[in-house]
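All residue numbers refer to positions in the sequence shown, counting from 1. The structure displayed is predicted, hence computed values, not measured ones.
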Amino acid sequence: MAISLKKLSPALFPLLLGHAPASATSPSFDCSRAKSSDEKLICEDDHLAELDQAVAIAFKQALTAKKADTADVKTSAKERLDDRRACGAEQICILDAQVKAISLFGEMGSNVPVPPWIGEYRLNYAKVHPAVMDEKLPQMRGHCTRTQIASITGRFGETLKFPLSKDDEVSGTAVKYTNEIYQISYGYEEDVARSHIGDQVLLCLSSIPRNCPPGDNRGREYSATNLTSRTSWIMPDSQHMCGGP
């Protein structure tokens, strides 16, 4: 699953959520009862609190949508919460886990958008927290590195083309970076397609799959933020998760 973050007016975001701007910095839970590291960090960060609101609203919308089974929505919500909990106090990891949750609930019938400040948040955080920047490949969730786009193609290496109609078949989207990290999606990723060879990118390790066989590192997800366009996406580094074919 890949997540493309569209440009939206910040002024429209609270309206699209159905909330007044005054509630934008309150998370969906009671901060006086926050115990886990991720909850405490969300309560301390207005942007993460706003994002938590968005996740909660997206979950409620997906529950009442006809597109998905209620049990599937609840199971997915628990899995997404487990992913966020696993981040601990790693700020970018929490951010990316919440973005993925909003995207998943969108596939299940929610119309809650990802806020437009996500890419800028990652860039600013990495700038003021140099400890999260790794020289080469990020090895820990929430750690990042700067690299450049080396190639953009379809999933099989063909030229990536915009689908002209719903009937157009798209093999997927693939992007490779100069540090050898590779990302792939089964869909057409507009923000990747609009990027260019040589664009500088902030690449952050979002998630590491659990219970992988020794030596099988497939399925790691990275968030990429284009430093020129400020657009961003989250995609895995392989077509299959670890332990698969």
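Contacts of K127 classified as salt bridge (charged side-chain N to carboxylate O under 4.0 Å, His left out), with partners at least two apart in sequence or in another chain: none. Legend: residues meeting side-chain contact (heavy atoms from CB on, under 4.5 Å) with S238, ordered by chain and number and at least two apart, are R218. Annotation: salt bridge (charged side-chain N to carboxylate O under 4.0 Å, His left out) contacts of D38 (sequence neighbours excluded): R84, R85. The salt bridge (charged side-chain N to carboxylate O under 4.0 Å, His left out) check on E120 picks up R230, with sequence neighbours excluded. By the side-chain contact (heavy atoms from CB on, under 4.5 Å) test, A56 is found to be paired with S28, residues two or more places apart in sequence or in another chain being considered. Checked against salt bridge (charged side-chain N to carboxylate O under 4.0 Å, His left out), D134 has no partners two or more places apart in sequence or in another chain. For R80, the side-chain contact (heavy atoms from CB on, under 4.5 Å) partners are D83, A101, L104, not counting sequence neighbours. Judged as a side-chain contact (heavy atoms from CB on, under 4.5 Å), and not counting sequence neighbours, the contacts of C93 are C87, E90, R141.
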Next item on the list: Could you walk me through whether V192 and M235 pass the side-chain contact (heavy atoms from CB on, under 4.5 Å) test, one step at a time?
Entry: CA-CA 10 Å; V192 176; M235 293 165 57; 4.0 Å; yes
Check: Are I181 and Y222 close enough, and set up right, to give a side-chain contact (heavy atoms from CB on, under 4.5 Å), and what steps lead you there?
Finding: CA-CA 9 Å; I181 289 180; Y222 295 87; 3.7 Å; yes
Next item on the list: Report the C-alpha distance between S207 and E221 in whole Å, list the side-chain angles of each, state the deciding distance to 0.1 Å, and finish with yes or no for side chain to side chain donor-acceptor pair (under 3.5 Å).
Entry: CA-CA 5 Å; S207 66; E221 289 188 312; 3.1 Å; yes
Check: Could you walk me through whether Q200 and T228 pass the side-chain contact (heavy atoms from CB on, under 4.5 Å) check?
Finding: CA-CA 7 Å; Q200 292 196 14; T228 300; 6.0 Å; no
Check: After noting the C-alpha distance and the side-chain angles of R122 and S232, does the key distance pass the side chain to side chain donor-acceptor pair (under 3.5 Å) rule?
Finding: CA-CA 10 Å; R122 289 195 196 100; S232 59; 3.3 Å; yes
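Pairs engaging residues 81-114 under the ring pair (Phe, Tyr, Trp, His ring centres under 6.0 Å) rule: F59-F105 [sequence neighbours left out]. Identified under the ring pair (Phe, Tyr, Trp, His ring centres under 6.0 Å) test for residues 189-218, with sequence neighbours left out: none. Note on residues 123-163: pairs passing ring pair (Phe, Tyr, Trp, His ring centres under 6.0 Å), not counting sequence neighbours, are Y125-H129, F162-Y188. For residues 63-74, no pair satisfies salt bridge (charged side-chain N to carboxylate O under 4.0 Å, His left out), with sequence neighbours left out.
The two atoms that bring I42 and L48 nearest to each other are CG2-O, 3.8 Å, heavy atoms only. Smallest separation of non-hydrogen atoms from V132 and A126: CG2-CA, 4.2 Å. Residue M241 comes nearest to G219 through the heavy atom pair SD-CA, 3.7 Å, listed as atom of the first residue, atom of the second, then distance. Closest of all the heavy-atom pairs between S206 and S223 is OG-N, 3.3 Å. Between I152 and I197, the shortest heavy-atom distance links the atoms N-CD1, 3.7 Å. In plain terms, the two heavy atoms of S229 and T231 that are nearest each other are OG-OG1, 2.6 Å.
Inspection of the E190 and W233 side chains reveals no N or O donor paired with an N or O acceptor under 3.5 Å. Checked by atom type, the side-chain pair T173/S185 shows no donor-acceptor distance below 3.5 Å. Judged purely by distance below 3.5 Å, without hydrogens or angles, the side chains of Q61 and N111 pair a donor atom with an acceptor atom.
The shortest side-chain heavy-atom distance between V128 and N124 does not fall under the 4.5 Å cut-off. Using a 4.5 Å cut-off on side-chain heavy atoms (C-beta onward), Y182 and V175 make no contact. With a 4.5 Å cut-off on side-chain heavy atoms, R146 and N179 do not count as touching. The shortest distance between side-chain heavy atoms of L51 and I94 does not fall below 4.5 Å. Side-chain contact between Y186 and Q239 is present, with at least one heavy-atom pair separated by less than 4.5 Å. Using a 4.5 Å heavy-atom cutoff, the side chains of C242 and P213 are in contact. Between I184 and D237, the closest side-chain pair of non-hydrogen atoms is not below 4.5 Å. Side-chain atoms of L137 and Y177, non-hydrogen and from C-beta on, never get closer than 4.5 Å to each other.
Counting heavy-atom neighbours within 6.0 Å of E135 CD, excluding the residue itself, gives a total of 12 or less.
Under the 4.0 Å criterion applied to side-chain N and carboxylate O atoms, K100 and D96 are not assigned as salt-bridge partners.
How far OH of Y121 is from CG of L95: 6.0 Å, rounded to the nearest 0.5 Å. From Q148, atom CD reaches atom CG of D199 across 8.5 Å, with rounding to the nearest 0.5 Å. Between the CG atom of D45 and the CG atom of D52 there is a distance of 11.5 Å, given to the nearest 0.5 Å. Atom CG of L205 and atom SG of C144 lie 8.5 Å apart (nearest 0.5 Å).
Listed for the T145 side chain is a donor-acceptor partner under 3.5 Å among the backbone atoms of K136. Of the possible donor and acceptor atoms, none in the side chain of Q91 sits under 3.5 Å from a partner among the backbone N and O of G142. Although no hydrogens or angles enter the test, the distance criterion places a donor-acceptor pair under 3.5 Å between the side chain of S171 and the main chain of R155.
Between F29 and the options S26, S32, P27, a side chain to side chain contact (heavy atoms under 4.5 Å, CB included) holds for only P27. Exactly one residue among T147, N226, L123 makes a side chain to side chain contact (heavy atoms under 4.5 Å, CB included) with L202. That residue is L123.
The cluster map of Ile, Leu, Val, Met, Phe, Trp and Tyr, joined by side-chain heavy atoms under 4.5 Å apart, puts L41 and I118 in the same cluster. In the hydrophobic cluster analysis, where Ile, Leu, Val, Met, Phe, Trp and Tyr join through side-chain heavy atoms closer than 4.5 angstrom, L63 is grouped together with I102.
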